[in-house]
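Written below as structure tokens is the structure these notes are about.
FYI, the numbering just counts along the sequence from 1.
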Amino acid sequence: MDEKQKNLKLMAYWLFGTVVIVFAAVTVYIALWGMPLGASIGQVLKAGFPVWGITALLAMVFYAGYYFYEQRK
């Protein structure tokens, strides 16, 4: 495997890990505040979507940018 492929896989690994951590942290934080007030898990996920949705979108944009950067190098 060449160096570019290794770098792309490492970038994907870190970006995916970041998205998973943000999803878990935001969902748990909202659940800790919302569930005692009567919120369902669906409402908790809907409330967290703007934060982790933007995080996932930015991760995809960063990966695409890094992919094209690596191809031009």
What distance do [X] atom [atom1] and [Y] atom [atom2] have between them, rounded to the nearest 0.5 Å?
X	Y	atom1	atom2	answer
F62	M11	CZ	CE	7.5 Å
L32	L37	CG	CG	11.5 Å
L10	Q5	CG	CD	12.5 Å

Quick test of your reading: applying salt bridge (Lys or Arg N to Asp or Glu O under 4.0 Å), list the pairs with at least one residue in residues 20-30, sequence neighbours left out, ordered by first then second residue. none
Please list all pairs meeting salt bridge (Lys or Arg N to Asp or Glu O under 4.0 Å) that have one or both residues in residues 62-71, counting only residues at least two apart or in different chains. E70-K73
Please say whether more than 12 non-hydrogen atoms of neighbouring residues, nucleotides or ligands are located less than 6.0 Å from NZ in K4. yes
Report yes if some heavy atom in the side chain of [X] is under 4.5 Å from a heavy atom in the side chain of [Y]; otherwise report no.
X	Y	value
Y66	N7	yes
K9	Y13	no
L8	Y63	yes
L57	W52	no

Identify the two heavy atoms, one from P36 and one from A31, that lie closest to each other, and give their separation to 0.1 Å. CD-O, 3.6 Å
same_hphob_cluster([X], [Y]) at 4.5 Å side-chain heavy-atom cutoff:
X	Y	answer
L15	F23	no
V26	F49	yes
M60	F16	no
L45	M35	yes
V22	V44	yes

Hydrophobic cluster partners of W33 (side-chain heavy atoms under 4.5 Å): Y29
Taking Q43 for its side chain and S40 for its backbone only, find out whether a donor-acceptor pair lies under 3.5 Å. yes
